[in-house]
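Please read the structure below before turning to the comments.
Just so we're on the same page: letters track the sequence lines, and every chain starts at 1. Everything numeric in this text was worked out from a predicted model, so none of it was measured.
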There are 2 protein chains.
Amino acid sequence: MRLLLVEDDVQMGPTLQNALSQAGYAVDLSVDGIDAEALGDIEPYDLIVLDLGLPKRSGLEVLQNWRNRNNHVPVVILTARGSWEEKVQGFKAGADDYVAKPFQTEELLARISAVLKRSSGTSGGPLQVAGLQLDEDAQSVQLSNGTLFTLTGTEFRLLRYFMLNPGQVISKSRLTEHVYEYDSDRDSNVIEVYVNRLRQKVGTDLIQTRRGQGYIFGSP
Amino acid sequence: MRLLLVEDDVQMGPTLQNALSQAGYAVDLSVDGIDAEALGDIEPYDLIVLDLGLPKRSGLEVLQNWRNRNNHVPVVILTARGSWEEKVQGFKAGADDYVAKPFQTEELLARISAVLKRSSGTSGGPLQVAGLQLDEDAQSVQLSNGTLFTLTGTEFRLLRYFMLNPGQVISKSRLTEHVYEYDSDRDSNVIEVYVNRLRQKVGTDLIQTRRGQGYIFGSP
DNA sequence: CGAATCAGGCTTAATTTAAGCTGAACTTAC
DNA sequence: GTAAGTTCAGCTTAAATTAAGCCTGATTCG
């Protein structure tokens, strides 16, 4: 799951980025409105955390521009506490949720997780697909026969992405984009290696190969 | 376990802070309502001790504002003895417990401990997880084989936080937030050092490392 | 039809990277 | 002076990545 964090505060930005990484997301950080707007259009983020008070171009404007261009990426905005106006404007502009500053990291994490679940159709409870149950607290997965596997960071992100998009052919480049932070364009077989490791844990049939196209998770 | 103590009395504030520290909490002290309100929103306290008679903004108001903003941190209020009204208003505003002034420190400690246990789902009796029994009075821990270890302050706070959140991956930054008082953002390996010391006492397997993610206490 | 070819995918082992561990020295508070 | 807390440096080890060779399914062509 790959996020864009748009936050110009030099203190808060990296701190949050770190916290989000630890929570198992791949996070890019952008520090101004123009840069953020471009990134949000180019990169396939699963969610964007958007501070409204930004240099160069306000967060609100950025958000409106995205929506005008039919970019419907889920957005959680960070508003000033008590600013009822900002919040309303934010929702009007197409935000999916908001967190008022100041906030606790755990609060933000909870909102992000909720929005992601909502936007993927699932609602509430642990992610449960195709006989697998993903435990986000323990970063582990339980099979239908009860066996429990712990997952490394990358395994976890990859599997979660599969489970959030079941029955859908997902190309390797799309996987790379969602599992890794910006850089990237790796000409390597990392994804294959990780698919292999996941298959060893959750079983071979759950992740099927579509030669030349990608993989498909949990589906006839 | 990290507390915020909100108490404007110059005598009582530091005295209580001291007592609470000795009892093994990391304690921040705030002396006015506005400051307290902000702190309570920003920092991830595990509990707040709130005097109702405060300068700048009344404790009641502060509490109401927190609850309105969906901040559900456990709160123990300090009310004037016999003031039935205050007590009722306090509960209405969302307090978890109250202690009437004047009180004995031990009374307050007991209430705090009770609220913490209640809010973490555990109820009654000493904290007992994964074969360990934590003695809050003596700041010591007993292993299932009977051996008893005394703990230093930091060891105690760390272990208690683990025991209150078993089976959950806890990042180092989260641990830092809950074990230390405000300042902090330490770029150091203190947590690692203390995990090491704890492991020497309670055994290696109880605190497992999830490389790149954090630690997980007492769980497969 | 079926053997040869080829490309994409799989798998395992080796290498690199960086997180975490730990003993000891140093600092601080009492 | 002592005990707790913190920092540091060298070491250990897991995770991430790369690379090489093998496997397999599709296609072509005799």
Side-chain angles (χ1 to χ4, degrees), chain A residues 18 21-22 24 26 139-140 149-159 169-176 178-181 183-217, chain B residues 2 14 17-19 21-27 139-141 149-159 162 169-176 178-217:
Chain A
N18 186 39
S21 297
Q22 296 241 345
Q139 303 215 158
S140 62
F149 286 100
T150 64
L151 303 169
T152 70
T154 309
E155 286 170 359
F156 179 73
R157 290 198 298 276
L158 186 60
L159 180 56
V169 176
I170 309 177
S171 72
K172 275 187 279 192
S173 61
R174 194 169 138 205
L175 287 173
T176 311
H178 284 272
V179 168
Y180 289 98
E181 305 177 3
D183 70 346
S184 63
D185 234 27
R186 17 200 119 212
D187 182 18
S188 84
N189 65 343
V190 235
I191 294 295
E192 286 163 27
V193 171
Y194 274 99
V195 165
N196 178 20
R197 289 193 192 155
L198 273 185
R199 294 216 253 232
Q200 288 178 10
K201 289 187 176 176
V202 305
T204 318
D205 347 330
L206 271 181
I207 306 174
Q208 294 181 341
T209 305
R210 285 297 168 76
R211 186 164 258 254
Q213 308 183 94
Y215 298 98
I216 186 167
F217 176 83
Chain B
R2 189 166 160 211
Q17 181 178 31
N18 190 38
S21 296
Q22 296 243 342
Y25 302 101
V27 186
Q139 297 208 170
S140 63
V141 63
F149 287 100
T150 63
L151 303 169
T152 71
T154 309
E155 287 170 359
F156 177 73
R157 290 196 299 276
L158 187 60
L159 180 56
F162 273 129
V169 176
I170 308 178
S171 72
K172 276 187 279 193
S173 59
R174 196 170 137 202
L175 287 173
T176 310
H178 285 272
V179 167
Y180 288 99
E181 308 177 1
Y182 183 82
D183 73 345
S184 59
D185 231 28
R186 17 200 118 213
D187 183 19
S188 86
N189 67 342
V190 235
I191 295 293
E192 287 164 29
V193 170
Y194 274 98
V195 165
N196 179 14
R197 289 188 189 164
L198 272 184
R199 294 215 253 233
Q200 289 178 9
K201 291 186 175 175
V202 305
T204 318
D205 347 331
L206 272 181
I207 306 173
Q208 293 182 340
T209 304
R210 287 294 175 76
R211 188 166 259 249
Q213 308 177 127
Y215 298 98
I216 187 168
F217 176 83

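Residues meeting the side chain to side chain contact (heavy atoms under 4.5 Å, CB included) test with A:Glu155, sequence neighbours left out: A:Leu151, A:Thr152, A:Tyr194, A:Arg197, A:Leu198, A:Lys201. Every residue two or more places apart in sequence or in another chain that forms a side chain to side chain contact (heavy atoms under 4.5 Å, CB included) with B:Thr209 is listed here: B:Arg199, B:Tyr215. With sequence neighbours left out, B:Thr150 forms a side chain to side chain donor-acceptor pair (under 3.5 Å) with no residue at all. When the side chain to side chain donor-acceptor pair (under 3.5 Å) test is applied to B:Ser21, no partner is found at least two apart in sequence or on another chain. With sequence neighbours excluded, the residues that form a side chain to side chain contact (heavy atoms under 4.5 Å, CB included) with A:Asn189 are A:Glu192, A:Val193. Residues satisfying the side chain to side chain contact (heavy atoms under 4.5 Å, CB included) test with A:Val179, not counting sequence neighbours, are A:Thr154, A:Arg157, A:Leu158. When the salt bridge (charged side-chain N to carboxylate O under 4.0 Å, His left out) test is applied to A:Arg174, no partner is found at least two apart in sequence or on another chain.
Looking at B:Gln17, its side chain does come within 3.5 Å of a backbone N or O of B:Val27 through a donor-acceptor pair. Put simply, the side chain of A:Gln213 never gets that close to the backbone of A:Val169: no donor and acceptor are under 3.5 Å apart.
Between B:Asn189 and B:Tyr194, it is B:Tyr194 whose nearest contact on DNA chain D lies nearer the 5' terminus. A residue-by-residue look at B:Asn196 and A:Gly214 shows that A:Gly214 has its nearest nucleotide of DNA chain C further toward the 5' end. Each of B:Thr154 and B:Thr209 was matched to the nucleotide of DNA chain D holding its nearest heavy atom; the match closer to the 5' end belongs to B:Thr154.
Put simply, A:Thr152 has a side-chain N or O that comes within less than 4.0 Å of OP1 or OP2 on D:dA16. Residue A:Ser188 has no polar side-chain atom (N or O) positioned under 4.0 Å from OP1 or OP2 of D:dT17.
Residue B:Val195 is out of contact with every strand shown, counting any heavy-atom pair closer than 4.0 Å. As judged by a 4.0 angstrom heavy-atom cut-off over every strand, B:Phe156 is placed among residues making no nucleic acid contact. Note on B:Arg197: a base of the nucleic acid sits closer than 4.0 angstrom, heavy atoms only. Across all strands, A:Glu155 comes closer than 4.0 Å to no nucleic acid atom at all (heavy-atom distances).
If you check D:dA16, D:dT7, D:dT18 against the side chain of B:Val190, the one that comes closest is D:dT7.
Taking CZ of B:Arg2 as the reference point, atom OG1 of B:Thr176 lies at 10.5 Å (rounded to 0.5 Å). Atom-to-atom distance recorded for A:Leu175:CG and A:His178:NE2 is 8.0 Å, nearest 0.5 angstrom.
Five base pairs at each end of the helix from C:dC1-D:dG30 to C:dC30-D:dG1 define two local axes, and these are offset by 20° (rounded to 10°).
Running 5' to 3' along DNA chain C, contacts with non-hydrogen atoms of chain B at under 4.0 Å begin and end at C:dA18 to C:dG23.
Atom CG of B:Leu198 is separated from atom P of D:dA4 by 14 Å (rounded to the nearest Å). Atom CG of A:Leu158 is separated from atom P of D:dA15 by 16 Å (rounded to the nearest Å). We find that CD of A:Glu192 is positioned 17 Å from P of D:dC22, with the value rounded to whole Å.
Counting heavy atoms from C-beta outward, B:Phe162 and B:Ile170 have side chains that approach closer than 4.5 Å.
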Can you name the atoms? Protein N/O to nucleotides 10-13 of chain D N/O, anything below 3.5 Å, with the distance.
| residue | atom | partner | partner atom | Å |
| --- | --- | --- | --- | --- |
| D:dT13 | O2 | B:Arg211 | NH2 | 3.1 |

